[in-house]
Amino acid sequence: MNMSAFQAVVIGASAGGTTALQKILAMLPGNFPLPVIVAQHVHPHQESAARIYKDIGLLKIKDGDEKEAIQPGFVYFAPPNYHLLIENDHTLSLSIDPKVHYARPSVDVLFESAADAYRAALIGIILGGANQDGAMGLLRVGQYGGLTIVQYPGEAEVCFMPRAAIETANPQYVLPVKKIISLLIEITTQHLDEAAHAR
Amino acid sequence: MNPEEIEKIELDLFLDALNWRYGYDFRNYARASVRRRARQILAKSGMKHLSDLIPKLLHDEQFAVHAINEFSITVTEMFRDPTFFKTVRQTIAPYLKTYPFIKIWVAGCATGEEVYSLAVLLQEEGLYDRVKIYATDFNTDALKKAVDGIYALKDIQLYTGNYQKAGGRQAFSDYFLAEYNSAIIDQALKSNIFFANHNLVTDGAFHEVQAIFCRNVFIYFDRSLQNRVAKVFAESLTHGGFLCLGSKESIEFSPVFDQFKVIDAGQRIYQKKV
């Protein structure tokens, strides 16, 4: 696997993935070189997830805006009651298209558009949740050659979402959250090392 | 060339066909949503490639209408973003009260939830009798639903909560008739609403309106189309008229922005300078 080519990480979760998501955001280093884009199911009128996770960790956390250019150092959340999509020029879009698997934002919508935009340069991660949303999206990430990771269902607070993703997308890794974090760091450090070496 | 690059060509051709044959132009829509919709149309059709649908699109008008409507299904709520409606009540309604006759344009009204929310608000502010609301969309299916004003009863609980948070003064149930699983909008609320087919991509300005509501439409457009529509809005508003966009939208990028002042940055309410 060519580890040096990754350009973005997408994460999908529902309310049942909150703890896992908190851990990941808290543990990623401030110089983590890939932008992170998150779709988490929240109540349409809930305060934005970006605000809830605001002070966790070293990366800058915000709601994604339409036409916003995606940059490393940031974690972009889908705003409540909007789908978040990624355009091929690596900017963000929003939509109020119908819900997918009863969800808006939908993980499938984010992941499918991200797979189109980043192809093999994408890492897709499914965390805990109570819904099959995300399974088709992760399948697409894998089909385009991206790296697919699912949280180990035995560890997830709510395991329906990871189980569905494992069944549908046959991911390359099924790991507990701690291992997901170390894998992300390992991959991207290697990425930095290779970049340094290339110079 | 990989399959996705071929798909991109197919989508371009499909959109060209739709435009040249029927005059509906989605080429300047944000592409990720359009692509998702096109894939859904393809999946339902049972065909293998998007290009297989182009002959059907050119020769089968019924299919074309279906495709056009599929490209623009959006789903909203009554009093979506209650704080926005509260702000409209507090900042725009007092201004509108200074006019003997009021024209309001709801651009991209889809299935009408927003129009009726506005009608309720204007009713409670004592403005409804002197207002004409022009509610437009190009999606004929959506417009029909908007005209009918019949919504799922199961959604009314959410709408009632929104209405109360938006500063509603009555029982929300006063505004509709509950029947089986449906909530039917009160006829009295419809009397001053005029539904019409209008396409922001190709059609021109309305004249001398005091307020434009166009919420969660810009997010579907690319920059050039956003600029076009912002210009149409600037031309349509009277001096001192208000432009209200969705909570994630703005006109600050647009060349016409200098004709406006920001009334409420958070709620995306702008006023055309006098």
Side-chain angles (χ1 to χ4, degrees), chain A residues 10 37 43-48 50 62-70 76-100 102-106 108-120 122 136-137 140-141 143-146, chain B residues 2-5 7-8 11 29-40 43 70-77 79-83 108 110-111 113-114 142 155 158-159 161-162 164-166 215-227 245-250 252-254 268:
Chain A
V10 286
I37 306 107
H43 186 276
H45 294 154
Q46 186 177 311
E47 189 181 15
S48 86
K62 73 183 292 296
D63 274 352
D65 278 313
E66 64 117 20
K67 310 232 177 343
E68 180 166 13
I70 296 168
Y76 303 93
F77 273 85
N81 220 354
Y82 287 93
H83 291 301
L84 179 68
L85 300 92
I86 300 177
E87 299 288 340
N88 285 357
D89 64 358
H90 300 172
T91 59
L92 298 171
S93 301
L94 300 171
S95 93
I96 56 163
D97 281 13
K99 292 178 179 179
V100 175
Y102 309 100
R104 189 172 64 194
S106 145
D108 277 345
V109 171
L110 172 64
F111 277 38
E112 285 170 15
S113 66
D116 278 301
Y118 289 105
R119 303 182 54 78
L122 182 67
M136 289 306 291
R140 183 72 61 86
V141 173
Q143 283 169 342
Y144 285 9
Chain B
N2 65 47
E4 291 75 38
E5 286 168 307
E7 186 201 30
K8 188 190 170 300
L11 182 54
Y29 273 51
R31 191 47 72 103
S33 280
V34 168
R35 186 178 54 213
R36 187 178 162 77
R37 298 273 177 79
R39 284 176 182 166
Q40 281 171 346
E70 284 289 308
F71 271 122
S72 62
I73 299 172
T74 59
V75 178
T76 187
E77 313 160 3
F79 292 96
R80 180 186 166 117
D81 309 324
T83 323
T111 42
E113 289 86 344
E114 191 112 342
D155 294 331
L158 169 70
Y159 299 170
N162 288 355
Q164 286 161 350
K165 284 185 211 126
R215 303 196 342 114
N216 297 311
V217 174
F218 269 32
I219 48 175
Y220 287 96
F221 295 169
D222 73 6
R223 256 317 172 237
S224 68
L225 188 50
Q226 287 178 344
N227 278 326
L245 300 176
S247 59
K248 292 283 160 190
E249 298 170 323
S250 154
E252 283 164 40
F253 58 84
S254 151
R268 316 292 169 135

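All values below were derived from every heavy atom in this structure, side-chain atoms included, with hydrogens, water molecules and symmetry-related copies excluded. Each chain gets a letter, A, B and so on, in the order the sequences are listed, and its residues count up from 1. Please read all numbers here as calculations on a predicted model, not as lab measurements.
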Interatomic spacing from [atom1] in [X] to [atom2] in [Y] - rounded to 0.5 Å:
{"X": "B:T74", "Y": "A:D97", "atom1": "OG1", "atom2": "CG", "value": "7.5 Å"}
{"X": "A:S95", "Y": "B:R37", "atom1": "OG", "atom2": "CZ", "value": "6.5 Å"}
{"X": "B:I219", "Y": "A:Y82", "atom1": "CD1", "atom2": "OH", "value": "5.5 Å"}
{"X": "A:E87", "Y": "B:S33", "atom1": "CD", "atom2": "OG", "value": "7.0 Å"}

If you count heavy-atom pairs under 4.5 Å with chain B, which of A:S113, A:P98, A:S93 comes out on top?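 Going by pairs under 4.5 Å, I would pick A:P98.
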Sort [X] into side chain, backbone, both or neither according to what part of it lies under 4.5 angstrom from a heavy atom of chain B.
{"X": "A:L85", "result": "side chain"}
{"X": "A:P79", "result": "side chain"}
{"X": "A:N81", "result": "both"}

So what's closer than 4.5 Å to chain A heavy atoms on [X]: side chain, backbone, both or neither?
{"X": "B:S72", "answer": "neither"}
{"X": "B:Y29", "answer": "neither"}
{"X": "B:F253", "answer": "neither"}

_Sole candidate of B:K248, B:R268, B:R223 that passes salt bridge (Lys or Arg N to Asp or Glu O under 4.0 Å) when paired with A:E66_ =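 Single pass found, and it is B:R223.
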**Asked** Got A:K99 and B:V75 here, is their nearest side-chain heavy-atom distance under 4.5 Å?
**Response**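 A side-chain contact is absent here, since even the closest heavy-atom pair is not under 4.5 Å.
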* How would you list, by chain and number, every residue that makes a side-chain contact (heavy atoms from CB on, under 4.5 Å) with B:K165, sequence neighbours excluded? ->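 B:K165 satisfies side-chain contact (heavy atoms from CB on, under 4.5 Å) with A:H45, B:P82 only.
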Q. Is the side chain of B:Y220 donor-acceptor paired with the backbone N or O of A:L94 at a distance under 3.5 Å, no angle test?
A.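 Side chain of B:Y220 to backbone of A:L94: no pair is present.
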I'd like to know if the side chain of B:R35 reaches the main chain of A:D116, judged simply by a donor and an acceptor atom lying under 3.5 Å from each other, with no hydrogens or angles considered. no
By salt bridge (charged side-chain N to carboxylate O under 4.0 Å, His left out), B:E7 pairs with (sequence neighbours left out) B:R39
Next item on the list: Between chain A and each of B:K8, B:R31, B:E249, count heavy-atom pairs under 4.5 Å; write down the option with the most.
Entry: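 Sorted descending by pairs with chain A, the first entry is B:R31.
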Closest non-hydrogen contact found for A:K67 with B:F221 is NZ-O, 2.6 Å
